S.K.: 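Could you have a look at this structure, given as structure tokens, before my questions?
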Amino acid sequence: MEAEDYGQPVLSIVVPAFNEASRIGESVRKIDAFMRQLPIFCELIVVDDGSVDNTAEVVRQAQVRGLRLLRNEKNHGKGYSVRQGVLAAVGKYVLFTDADLSAPIEELNKLLGVATDDGVDVVIGSRAVDRKYIEKHQSPLRELGGIVFNLMVRLLLGLRLHDTQCGFKLFQRQRSRRSFEKLTTFGFGFDPELLFLAKRDGLSIREVPVRWSHAEGSKINFLRDGTRMFSDLVRIRWNFIIGRYS
């Protein structure tokens, strides 16, 4: 499915999806309605990461201007799919957002304002800068895990950010492309490595508080994926020490 020729998109929106047939249709509809209100041409890229349900078919049936579907034959992970979508994007700015739209797509206006008005390279939605914007919380255990993970990110990677894991991030595409190309973490723990690489590449990064609501049906297994994400931080630090990112 190729985007129709309406000129060069200014904004690309990337949505990684794995077994999201039950909600991807509604998410695409909401994104399409939002894009139609913008005074710029946008493209929407859905990356189906080896779904075994009919996620791809639901996306194919959507009548959305500028929609592209990328499909992986097998599941590689969220980080892999985000990287794939961003590298395929052509807009000046590229946002990646979770398929459940935990952060409403309208919050993109905040990020775009910072990127265009202040010339910031990477603008990330944050739940932790001002928690009053959280409309529905995760379980106390998950929130505690997020706090501990953030402390480890600060300790091991030196990122002074309040929330690296919110799935709502905007990038100046050309300036950030190198960071995406060097990404080696393809699971749920890719965000800290991406932001670490962006910082090393000299990109400006700013957090912006966004409205956010926990959505049921998360693909993250707290114990299995949490353990893997912590080990990813150690591996990222080791990659830095041995010069892999040079």
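Numbering starts at 1 and runs along the sequence shown. These numbers were taken from a predicted model, which means no experiment stands behind them.
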S.K.: State, yes or no, whether a side-chain contact exists between Leu108 and Phe34 at a heavy-atom distance under 4.5 Å.
M.R.: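 A side-chain contact exists here, since the closest heavy-atom pair is under 4.5 Å.
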S.K.: Check the surroundings of atom NZ in Lys92: do more than 12 heavy atoms from other residues, nucleotides or ligands lie under 6.0 Å from it?
M.R.: no
S.K.: Are any non-hydrogen side-chain atoms of Ile45 and Gln84 less than 4.5 angstrom apart?
M.R.: no
S.K.: Are the aromatic rings of Tyr80 and Phe190 close, with centres under 6.0 Å apart?
M.R.: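 No, too far apart.
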S.K.: Does the Thr55 side chain pair with the main chain of Ser51, one donor and one acceptor, at a distance under 3.5 Å?
M.R.: no
S.K.: Can you tell me if Gln8 uses its side chain to pair, donor with acceptor, with the backbone of Gly91 under 3.5 Å?
M.R.: no
S.K.: Does the pair Arg36/Asp32 count as a salt bridge with the N-to-O cut at 4.0 Å?
M.R.: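 Looking at Asp32 together with Arg36, the answer is yes, because their closest N to O distance falls below 4.0 Å.
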S.K.: Pick from His137, Gln138, His214: which one makes a side chain to side chain donor-acceptor pair (under 3.5 Å) with Glu143?
M.R.: His137
S.K.: Check for a donor-acceptor pair, side chain of Lys199 on one end and backbone N or O of Gly158 on the other, with a separation under 3.5 Å.
M.R.: yes
S.K.: If we only count heavy atoms from C-beta on, is the Leu11 to Phe41 side-chain gap below 4.5 Å?
M.R.: no
S.K.: Would you find a donor on one side and an acceptor on the other, under 3.5 Å apart, between the side chain of Arg68 and the backbone of Ala88?
M.R.: yes
S.K.: Report the distance from atom CD1 of Ile124 to atom CG of Leu111, rounding to the nearest 0.5 Å.
M.R.: 9.0 Å
S.K.: Testing the basics here: between Val47 and Asn72, what is the closest heavy-atom pair and its distance to 0.1 Å?
M.R.: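 Of all heavy-atom pairs spanning Val47 and Asn72, the closest is CG1-ND2, 4.0 Å.
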S.K.: Going through the distances and angles, do Arg23 and Glu20 end up as a salt bridge (charged side-chain N to carboxylate O under 4.0 Å, His left out)?
M.R.: CA-CA 6 Å; Arg23 55 188 172 193; Glu20 295 285 2; 2.6 Å; yes
S.K.: Under 3.5 Å, is there a donor-acceptor pair between the side chain of Ser204 and the main chain of Val120?
M.R.: no
S.K.: Are Cys42 and Val10 side-chain neighbours, meaning at least one heavy-atom pair lies under 4.5 Å?
M.R.: no
S.K.: With rounding to the nearest 0.5 angstrom, report the CG to OG distance, Leu70 to Ser81.
M.R.: 9.0 Å
S.K.: Taking Ala128's backbone N and O only, do any of them form a donor-acceptor pair with Ser126's side chain (distance below 3.5 Å, no angle check)?
M.R.: yes
S.K.: Would a 4.5 Å heavy-atom cut-off, applied to side chains only, mark Ile236 and Thr185 as touching?
M.R.: yes
S.K.: Is it the case that atom CD in Glu57 sees more than 12 heavy atoms from other parts of the structure closer than 6.0 Å?
M.R.: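 Correct, the count exceeds 12.
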S.K.: Using 4.0 Å as the upper bound for N to carboxylate O, is an ion pair formed by Asp98 and Lys78?
M.R.: yes
S.K.: For a quick test of reading the model, state the closest non-hydrogen atom pair linking Ala89 to Arg173 and the distance between them.
M.R.: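 That closest heavy-atom pairing would be O-CD, 3.4 Å.
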S.K.: What pairs with Gln172 under side chain to side chain donor-acceptor pair (under 3.5 Å), at least two apart in sequence or on another chain?
M.R.: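 Per chain and number, Gln172 pairs via side chain to side chain donor-acceptor pair (under 3.5 Å) with no residue.
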S.K.: Hey, are Asp201 and Arg175 close enough for a salt bridge, meaning a charged N less than 4.0 Å from a carboxylate O?
M.R.: no
S.K.: Evaluate the side-chain proximity of Glu193 to Leu183: yes if any heavy-atom separation is below 4.5 Å, no if none is.
M.R.: yes
S.K.: Within the 4.5 Å heavy-atom criterion, are Phe171 and Arg177 side-chain neighbours or not?
M.R.: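 Counting from C-beta outward, Phe171 and Arg177 never come under 4.5 Å.
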S.K.: Establish whether Leu44 and Ile40 are linked, either directly or via other cluster members, by ILVMFWY side-chain heavy-atom contacts under 4.5 Å.
M.R.: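 Yes.
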S.K.: Under the criterion salt bridge (charged side-chain N to carboxylate O under 4.0 Å, His left out), I'd like the reasoning laid out for Arg71 against Asp49: C-alpha separation, chi angles, the key distance, then a yes or no.
M.R.: CA-CA 6 Å; Arg71 188 154 192 236; Asp49 191 28; over 6 Å; no
S.K.: What I want to find out is whether Asp191 reaches Lys169 closely enough, with some N-O distance under 4.0 Å, to be called a salt bridge.
M.R.: yes
S.K.: Determine whether Phe149 and Phe230 satisfy the following criterion, ring-ring contact (aromatic ring centres under 6.0 Å, His included), listing intermediate values before the conclusion.
M.R.: CA-CA 7 Å; Phe149 185 76; Phe230 279 106; 5.3 Å; yes
S.K.: For Gln165 and Asp163, what are the C-alpha separation, side-chain angles and deciding distance, and is it a side-chain contact (heavy atoms from CB on, under 4.5 Å)?
M.R.: CA-CA 6 Å; Gln165 298 311 111; Asp163 183 7; 4.0 Å; yes
S.K.: Would you say the ring centroid of Phe96 lies under 6.0 angstrom from that of Phe168?
M.R.: no
